[in-house]
**Student:** 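Okay, handing you the structure first.
We name chains A, B, ... by the order of the sequence lines, and we start the count at 1 in each one.
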Amino acid sequence: MNSLVQCPKCHATLLEGMFNQPELLPCPACNVPLLVEIFPSLFRKITPGQSGESLMVEGESSCFFHPQKKALLPCDSCGRFLCALCDCQLNGQHFCPACLETGKTKGKIKNLENQRTLYDGIALSLAVYPLLIFYFTLITAPMTLFVAIRFWRSPLSIVRPGKIRFVVAIILALLQIAGWVMIFIFLSTRHSSHPHAQS
Amino acid sequence: MPKVEYQRLTRSRPRGGFSVAVASRTSLWLGTDHLLFVDSNGYTETYKRFYFRDIQALMVHRTQTFTIVNIVFSIPIVLFLASALATHTTGLKIFLFCMAGFFAFIVLINLWRGQTCRSFLRTAVQTEQLPPLSRVRRVQKTFNRIRPLIVAAQGGELTPEMIASLIREQIQTSAPESEGISQNPGIPPRLDS
């Protein structure tokens, strides 16, 4: 990867006087005011990956996935022995490729999680948006309750983990259901109190 | 796994362009050893993590949006004010002054928030735009907050002398590679006689 930094607007290469300055300076090529801060990792050379040492001594532990290669350490999740090639490091822990994949798909390794469904947002939307046309709430209010109860224990937003949206959605849905019940009661009592209107 | 807690760095802001139509909003959060970039549409959230040890550069360039907004919203102010001064009907005068005041309020908000910009974060594998950092003042506040964390994760700050020598070294390292092979495949390599 090229260590030279380019202007984000015109992609001209920037030279030393542009970096880590306290104020915005004009790009030498396009004159747009720029602020660029660089850090030591920009110049860090990428170390090539290791392929693992071959087994030289009989009786030495071998990698679970590569029996001809020497095992270096066990997987922190399943305990299988791993060679240098199979060792996947993440936040100071060592995983085998299988555990890494499982950790990602099942959400066990939180730092690999890159998407979540916001069931509380869905429930709140089901409770709020149909209010624009109130008749829809006859269907969406029970749906809101179903979503809120069904997914109550599901993981929510990483950054906003509270259940306040679920609570608000449930309250709104209950109010809507109560409103419909009152409407039906009102209509049925009116119908029964005016039987002569039919004849 | 321990529970990760995040501190908010920026409010949710639209990504811009057509994302406004699909209500996609982005925000930046500070974790223990990384920045978390969150893209949310209200129903799903997508996360990107930038570990402090991997951040190579933070880049910001100013945009013209600040100036354009000021000009665009100043025109109705002038028109409404002129109309208000020209009219003799009290009710209409008040209405036109209110309309001028409304647009003036927008301009004042824009002035208070400061210059607009676009921010980018560079790692070894990508350069990602950070839409939540769209005002220079907010960018400087955020950079001041995360700079010590990045420096601590990477083992120290770069002094101007170090930057100069590293860049010169980088240029010298990349120059011999291009001597034998032309960078433009359309141009034949130069042969020294």
**Student:** How far apart are the closest heavy atoms of Ile177(A) and Ala141(A), and which atoms are they?
**Tutor:**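 In terms of heavy atoms, the two residues are closest at CG1-CB, 3.7 Å.
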**Student:** Do other residues, nucleotides or ligands put more than 12 heavy atoms under 6.0 Å from Phe81(A) CZ?
**Tutor:**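 No, CZ of Phe81(A) has 12 or fewer neighbouring heavy atoms, counting only those of other groups under 6.0 Å.
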**Student:** More than 12 heavy atoms of other residues, nucleotides or ligands under 6.0 Å from CD of Gln115(A): yes or no?
**Tutor:**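 It does: Gln115(A) CD has more than 12 such atoms within range.
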**Student:** With a 6.0 Å cut-off (strictly less than), is the heavy-atom count around CD of Glu128(B), excluding the residue itself, greater than 12?
**Tutor:**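 Correct, the count exceeds 12.
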**Student:** Would you find a donor on one side and an acceptor on the other, under 3.5 Å apart, between the side chain of Thr117(A) and the backbone of Tyr119(A)?
**Tutor:**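 Side chain of Thr117(A) to backbone of Tyr119(A): no pair is present.
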**Student:** Against chain B, label Ile122(A) side chain, backbone, both or neither, depending on which of its atoms sit under 4.5 Å from a heavy atom there.
**Tutor:**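 Both the backbone and the side chain of Ile122(A) come within 4.5 Å of chain B.
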**Student:** Where on Asp39(B) is there a heavy atom nearer than 4.5 Å to chain A: the side chain, the backbone, both, or neither?
**Tutor:** neither
**Student:** Under a 3.5 Å distance rule, please check whether Ser119(B) uses its side chain to pair with a backbone N or O of Leu133(B) as donor and acceptor.
**Tutor:**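 Yes.
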**Student:** Is it the case that the side chain of Lys163(A) and the backbone of Trp152(A) share a donor-acceptor pair, with hydrogens and angles ignored and the cut-off at 3.5 Å?
**Tutor:** yes
**Student:** Check this for me, if you would: do Arg122(B) and Glu37(A) make a salt bridge, where the nitrogen-to-carboxylate-oxygen distance has to be below 4.0 angstrom?
**Tutor:**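 Answer for the salt bridge query: no.
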**Student:** Pull out the residues in residues 150-157 of chain B that come under 4.5 Å of chain A, heavy atom to heavy atom, sorted by number.
**Tutor:**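 So far as heavy atoms go, Ile150(B), Val151(B), Gln154(B), Gly156(B) are the residues that approach chain A to under 4.5 Å.
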**Student:** Sort Asn114(A) into side chain, backbone, both or neither according to what part of it lies under 4.5 angstrom from a heavy atom of chain B.
**Tutor:**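 Both parts, backbone and side chain.
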**Student:** For Ile55(B), is there any backbone N or O sitting under 3.5 Å from a side-chain donor or acceptor partner on Thr123(B)?
**Tutor:** no
**Student:** Would you mind checking which part of Val32(A) comes under 4.5 Å of any heavy atom in chain B, side chain (CB onward), backbone (N, CA, C, O), both or neither?
**Tutor:** side chain
**Student:** Under 3.5 Å, side chain of Arg62(B) to main-chain N/O of Pro33(A), donor-acceptor pair present?
**Tutor:** no
**Student:** As an exercise: rank Lys48(B), Arg53(B), Arg8(B) by heavy-atom pairs under 4.5 Å with chain A and give me the winner.
**Tutor:**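 Winner by heavy-atom pair count: Arg53(B).
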**Student:** Can you tell me which of Gln129(B), Met162(B), Arg147(B) forms the most heavy-atom pairs within a distance under 4.5 Å of chain A?
**Tutor:**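 With the most close heavy-atom pairs to chain A, the winner is Arg147(B).
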**Student:** Considering heavy atoms only, which positions within residues 87-117 of chain B lie below 4.5 Å of chain A?
**Tutor:**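 Near chain A, by residue number: none.
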**Student:** Just do the ring pair (Phe, Tyr, Trp, His ring centres under 6.0 Å) check on Phe134(A) and Trp180(A) with the steps written out, would you?
**Tutor:** CA-CA 10 Å; Phe134(A) 188 71; Trp180(A) 278 108; 5.2 Å; yes
**Student:** Need one label for Phe120(B): side chain, backbone, both or neither, based on atoms under 4.5 Å from any heavy atom in chain A.
**Tutor:**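 The side chain, not the backbone.
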**Student:** For residues Asn111(A) and Arg49(B), report the shortest heavy-atom separation together with the two atoms involved.
**Tutor:** O-NH1, 3.2 Å
**Student:** Using non-hydrogen atoms only, which part of Ser40(B) is less than 4.5 Å away from chain A: side chain, backbone, both, or neither?
**Tutor:**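 It is the side chain, since no backbone atom gets that close.
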**Student:** Specify which of Ser125(A), Gly17(A), Cys7(A), Pro22(A) makes the most heavy-atom pairs with chain B at under 4.5 Å.
**Tutor:** Ser125(A)
**Student:** Is a donor on one side and an acceptor on the other found under 3.5 Å between the side chain of Gln6(A) and the backbone of Leu14(A)?
**Tutor:**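 Side chain of Gln6(A) to backbone of Leu14(A): no pair is present.
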**Student:** Once the angle between the rings of His34(B) and Tyr6(B) is folded into 0 to 90°, is it parallel (under 30°), tilted (30 to 60°) or perpendicular (over 60°)?
**Tutor:** perpendicular
